[in-house]
Participant: 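I have a structure I would like to understand better, so I am pasting it below and will then ask my questions one at a time.
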Amino acid sequence: MRMYDAIDLNLLRELTVSQYKLKDQSSFFGFLWSFLNPLLMLGVLFVFFRMRLGAEIEHYPVYLLLGLLLYTHFANTTSLGMRVLRATRELTTETVFPKEFLVLSAVLSSAVDLVISTVICLAIAFASGIAPTLALLWVPAILVAELVLVAWVSFFLAAIFPFAWDIDHIFHVLLRALFFVTPIFYDPSFVGQGLAQTILRLNPLAQVIAMLRAVVLGGEGLALSTFALFVIPGLVLLGLGFALFKRLEPRFAEYV
Amino acid sequence: MSERVLRLRIHGLGKDFPLRDGRDTAARALRRLVTARDGGPGCIRALVDVSFEVHAGEMVGVVGNNGAGKTTLLKLIAGIHRPSRGEIERRGDLSLLSGLGVGMVPDLTVRENVYLYGAICRLHRARIRGIFDEIIAWAELADFVSAPLRTLSTGMTARLAFSIARHNEAPILLLDEAMTAGDERFRRRCEEHFVACRGRDMAMLMTSHSLELVERFCERTLWLRSGEQMAFGETAAVLSAYRRWAS
């Protein structure tokens, strides 16, 4: 595999910018609309669960918001990344450039939303009485961890999708299940110590949400080892997903 | 011919596409992973044992009926498809013009598309900024810079795309029916550009259904029929054989 040059990185940038604009989010109202989705879910979950599941959780609305923020980003971006080769079929089949740029541009264009949404979430957190602490310096690192997670899942899905279109349906069932096996609207202790707790521990999205809540709501800085234990396996999986994608790349044009 | 620099050597090239029935599903993909390979009874032979060369400063034509394998050949050389057999030796970067404007986005403006398509044609933003006015002037779209691309006609879009793509200076240029869109004036200006490219020692491979165009520009021509190489050599002789077969 050849190394990327300045021309390649310029292409990645242009693809990212165009994908972002196409999502109709370069305008204020366009972005507002994308933020309304988790906000609406927040309202529903808050009304239904605050009396029981949320009663023991301090700052429950912000707790919900942080969980929804990362889950929504994960679900939207991995779905976009999975379908990007087919959505940009002409680029996949008629042009000569590294096709991983299509996946990366999907991840990066969504990263802009993630950063803006996080800033809004933090503003809401402070307005609701949560004091800012130095632990917030971990937030950019946690967002990077989220992007690594989203990128490796996207690469695996994008690599497989052209050969197995029903992966789309399977993944959406899994995403729905993921919403419930991730502590978005309940505390991890709610599920007890059995199999469910083991699933929570193995769920990378649950880990990254827990890290964000710890620094925003708990004001606790992360132990470097905790962060490394999340990010290093993520980077390994990103490498594997990327390798699989590159191995299958010459066949994409035949199948998308 | 022998003193010219060799840019492209194709030897024994073949491509099989697996036969597929209906949509690809996870179960089928798994089964294919375990059992299927290119070739064999479950495949379509799109290209069989094709061999030729293209030198610097030469334009080689590729003719053949629909489904002959012309586009497949170009995509194999460009690296979009993986060959099933044979070798492709490329000496230098290449640029593929396969359908003008592929990658342009109708909902973006002309200006935004210049930067996007320029990047797809391997032009850096800084370079495009420097030649932006010239791109727009060549395409004769000065009044449309801020208009969404979807408001342009097909011919105008092709003109814009070609105006950008002609700045790519890769030493190997693959053209897949690149001049089918646009009016007579556009075609003439494209042809002027290709003459200039030949003067700059670019190696060009052009598929076309226009035998008149191939006759005028290409020193040598490759004739494909149902994926098989029927002839490769001096254009007049190859086209004469092709015309006899076609009639």
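Just so we're on the same page: letters track the sequence lines, and every chain starts at 1.
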Participant: Return yes if some donor-acceptor pair links the side-chain N/O of A/D166 with the main-chain N/O of B/A26 below 3.5 Å, else return no.
Facilitator: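 Checked: pair present.
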Participant: Checking B/L97 against chain A: side chain, backbone, both or neither under 4.5 Å from a heavy atom?
Facilitator: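 Looking at B/L97, nothing touches chain A.
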Participant: Under a 4.5 Å heavy-atom cut-off, does chain B meet the side chain of A/Y255, its backbone, both or neither?
Facilitator: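 Answer is both: backbone and side chain atoms of A/Y255 are under 4.5 Å from chain B.
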Participant: Within a 6.0 Å radius of atom CZ on B/R200, are there more than 12 heavy atoms belonging to other residues, nucleotides or ligands?
Facilitator: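 Counting other residues, nucleotides and ligands, CZ of B/R200 exceeds 12 neighbours.
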Participant: For chain B, which candidate among A/P250, A/P162, A/S18 shows the most heavy-atom pairs at distances under 4.5 Å?
Facilitator: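 Answer, by heavy-atom pair count under 4.5 Å with chain B: A/P250.
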Participant: Please report the interatomic distance CG(A/L11) to NE2(B/H124), rounded to the nearest 0.5 Å.
Facilitator: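 Result: 10.5 Å between the selected atoms.
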Participant: Rounded to the nearest 0.5 Å, what separation is found between the CZ atom of A/F97 and the CD1 atom of B/I80?
Facilitator: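 So the gap between those two atoms works out to 9.5 Å.
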Participant: If you define the side chain from C-beta out and look only at heavy atoms, does anything of B/K75 sit under 4.5 Å from A/T93?
Facilitator: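 Of all side-chain heavy-atom pairs linking A/T93 with B/K75, at least one is under 4.5 Å.
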Participant: To the nearest 0.5 Å, what is the distance between CD1 on A/I7 and CG on B/D93?
Facilitator: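 Reported to 0.5 Å precision, the distance equals 10.0 Å.
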Participant: Please indicate whether A/H172 has more than 12 foreign heavy atoms, meaning atoms of other residues, nucleotides or ligands, lying under 6.0 Å from its NE2.
Facilitator: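 Enclosed.
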Participant: Just verifying a value: how many Å separate A/E254 CD and B/T72 OG1, rounded to the nearest 0.5 Å?
Facilitator: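 So the gap between those two atoms works out to 9.5 Å.
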Participant: Against chain B, label A/T88 side chain, backbone, both or neither, depending on which of its atoms sit under 4.5 Å from a heavy atom there.
Facilitator: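 Neither part, no heavy atoms under 4.5 Å.
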Participant: Applying side-chain contact (heavy atoms from CB on, under 4.5 Å), run through A/L15 and B/L116 and close with a yes or a no.
Facilitator: CA-CA 7 Å; A/L15 288 171; B/L116 175 61; 4.1 Å; yes
Participant: Nearest 0.5 angstrom please: B/R82 CZ to A/L248 CG, how far?
Facilitator: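 So the gap between those two atoms works out to 8.5 Å.
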Participant: Does atom CD (B/E87) have a neighbourhood of more than 12 heavy atoms from anything else shown, all under 6.0 Å?
Facilitator: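 No, the 6.0 Å shell around CD holds no more than 12 heavy atoms from other groups.
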Participant: Determine which residues belonging to residues 102-112 of chain B lie within contact range of chain A, meaning some heavy atom pair is under 4.5 Å apart, and list them by number or answer 'none'.
Facilitator: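 Heavy-atom contacts from residues 102-112 of chain B to chain A are B/V102, B/G103, B/V105, B/D107, B/L108, B/E112.
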